[in-house]
Protein chains: 2
Amino acid sequence: MPQIIIADDHPMVRGALTLAVEAAFDQPEILECAHLGAVMQLLESIGAADLLLLDLRMPGVDGFEGLVRVRSQFPATPVVVISALEDPRLVREALALGAMGFIPKSTPRAEIVAALSLVAGGGTYRPDDLVMAAPPPDPKGQATDDDFLQRVLTLTPQQRRVLQLLGTGKLNKEIAYDLDIAETTVKAHVSSILHKLRVYSRTQAVVMAGRLHLDSFADVAEG
Amino acid sequence: MPQIIIADDHPMVRGALTLAVEAAFDQPEILECAHLGAVMQLLESIGAADLLLLDLRMPGVDGFEGLVRVRSQFPATPVVVISALEDPRLVREALALGAMGFIPKSTPRAEIVAALSLVAGGGTYRPDDLVMAAPPPDPKGQATDDDFLQRVLTLTPQQRRVLQLLGTGKLNKEIAYDLDIAETTVKAHVSSILHKLRVYSRTQAVVMAGRLHLDSFADVAEG
DNA sequence: GTGCCAATTGTACTTTGGTACAAGGGTGGT
DNA sequence: ACCACCCTTGTACCAAAGTACAATTGGCAC
């Protein structure tokens, strides 16, 4: 019996998502949360869920903070981001941060069901038209951030987990413990990450990655 | 003849500040900038200014980004932050980031003049009533950020410069070069910083410091 | 002056971080 | 079967980071 967490502060949205989940899964146990604290508490008590549907904007956190926290604390739980916004940058960034899918609230229920099934099978989902759209060519220095994001997207799933833990300031040893792998392996991942991101120290990687989250979200929140 | 840069996107504000600067300094050379790019360009050409009056919200940057950039690129130039907002947290944070003063736009001109003289003499200025006000006791996890900010405030000026450069992902060697000191000294500073901030790696320090800027500014921007 | 503190630098040492190279196991596609 | 890719691990080595201790300089306050 798969455990599915639905986290959204709006009851109506939770209701709609519940329907989709029931259609996509076989006898799911659905757990609802109205704010991030409840999600974290719930995950702590049950260890890991089979799927987490997470709204971007909830009491307690705006933007990707929630996603980042959940992913770093409970990397085993796949997360699908639910959002009222549909900016392609948000989609790319959510996926870059380890989300297994991005579902705009305007998505038809049939497609939501398909998306959830896809993710449950280990795939990742994102709305086609959004991803295909070319990244908006910002004339200013914003371009560098976008370049960097593109590079983040070339990271493998495990490498993203490492990057996320890197972003909390953890040592290689701690990351190894968290992911239950050898420190050697962590080093290998870090090395690969640094190359892909074209930086020469973990701190730089963290700084660059840190710029992504809040900055690009702030852009959207303002506009 | 002291070189003073006034950076604000609003001509009227620049005019008012010009008057104050002319009253506080002896035959100042006043350079006006309407956006951050101009400030950086100007500083590059003249190396360092005797004072920079910097508005928080300008085209090109919101929040402390501008302050951080200027401070890290041109640590020799004292910066006084000009802001329409007066949140005590902003004041403390601006000072934590290396500003030599914080002047709300509502400040009477006489006091602005006094403030500029104070800073020119090597002091730091902040509005009395604001700093004395106790930090708002946030009931939630926000408290940790505030604790951290308090610790940042215990850093010496040079240590703050090091922290800022740390925040750009630079190596000790690079920081040493930028500040024109020995790498040994940088290590000594970093060591001291880590102790004061109660973290055990530069990356953690960077992560924690990174949380301050945008987060607490976002809070204010929303309210 | 004396004392305190920031800042500087040095030596010497330990711990992390990061690279290079090699290699085995697993998955998925052709 | 073969290839490509991811994940894993190991060894070995080098660079960077961090600690500990000691010392000098200069400013500022009492």
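Basis for what follows: all heavy atoms, side chains included, without hydrogens, waters or symmetry-related copies. Naming: A, B, ... by sequence-line order, numbering from 1 per chain. Because the structure is predicted, anything quoted here is derived from the model rather than measured.
Direction change of the helix axis from one end of the helix from C/dG1-D/dC30 to C/dT30-D/dA1 to the other is 40°, with five pairs defining each end axis (rounded to 10°).
No donor-acceptor distance shorter than 3.5 angstrom exists from the side chain of B/Ser83 to the backbone of B/Pro104, with no hydrogens or angles considered. Judged by distance alone, with hydrogens and angles left aside, the side-chain atoms of A/Glu174 form a donor-acceptor pair with the main-chain N or O of A/Leu171 at under 3.5 Å. A donor-acceptor distance shorter than 3.5 angstrom exists from the side chain of A/Ser117 to the backbone of A/Val113, with no hydrogens or angles considered.
Listed by chain and number, the residues in a side chain to side chain contact (heavy atoms under 4.5 Å, CB included) with B/Glu29 are B/Met1, B/Gln3, B/Leu31 (sequence neighbours excluded). Evaluation of the side chain to side chain contact (heavy atoms under 4.5 Å, CB included) rule for A/Gln204 yields A/Val199, A/Tyr200, A/Ser201 as partners, not counting sequence neighbours. Considering only residues two or more places apart in sequence or on other chains, A/Arg161 meets the side chain to side chain donor-acceptor pair (under 3.5 Å) condition with A/Gln158.
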Query - From CA spacing to verdict: side-chain hydrogen bond (donor to acceptor under 3.5 Å, both in side chains), B/Glu183, B/Tyr177 - result: CA-CA 8 Å; B/Glu183 186 179 347; B/Tyr177 180 81; over 6 Å; no
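Among the nucleotides D/dA17, C/dT19, D/dT8, the one closest to the side chain of A/Gln158 is D/dT8. In this structure, of C/dG18, D/dT8, C/dT8, it is D/dT8 that holds the atom nearest to the side chain of A/Ile181.
Atom-to-atom, CG of B/Leu194 to C1' of C/dT15 comes out at 13 Å; the value is rounded to the nearest Å. In this entry the distance linking CG of B/Leu171 with P of D/dA16 reads 7 Å, nearest Å. One interatomic measurement links the two molecules: NZ of B/Lys170 to P of D/dA15, which rounds to 22 Å at whole-angstrom precision. Summarising the geometry, the separation between CG on B/Asp180 and P on C/dT8 is reported as 10 Å, rounded to the nearest angstrom. Distance A/Ile175 CD1 to C/dG18 P: 9 Å, rounded to the nearest Å. Remark: P of C/dA6 and CZ of B/Arg160 are 11 Å apart, rounded to the nearest angstrom. Across the protein-nucleic acid pair, A/Arg202 atom CZ and C/dT19 atom P stand 11 Å apart, rounded to whole Å. Atom CD of B/Gln204 is separated from atom P of C/dT16 by 13 Å (rounded to the nearest Å).
Remark: A/Gln159 is not in phosphate contact with D/dC6, judged by side-chain N or O atoms under 4.0 Å from OP1 or OP2. Taking side-chain N and O atoms only, B/Asn172 has a distance below 4.0 Å to OP1 or OP2 of D/dA17.
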Report summary line: A correct 5'-to-3' footprint of nucleotides 22-30 of chain D, with B, S and - meaning base, sugar-phosphate only and no protein heavy atom under 4.0 Å, is ---------
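Side-chain contact between B/Asp178 and B/Ile175: absent, with no pair of heavy atoms (C-beta onward) separated by less than 4.5 Å.
Of all heavy-atom pairs between B/Thr203 and A/Gly169, the closest is CG2-CA, 3.9 Å. Nearest heavy atom pair, residue B/Val21 against residue B/Leu53, reads CG2-CD1, 3.7 Å. Summarising the geometry of B/Ala99 relative to B/Val81, their closest heavy-atom pair is CB-CG2, 3.8 Å, with the distance given to 0.1 Å.
We find the CG-CG distance between B/Leu56 and B/Asp8 to be 10.0 Å, quoted to the nearest 0.5 Å.
Of all the residues in residues 182-191 of chain B, B/Ala182, B/Thr184, B/Thr185, B/Ala188, B/His189 reach under 4.0 Å from DNA chain C with at least one non-hydrogen atom.
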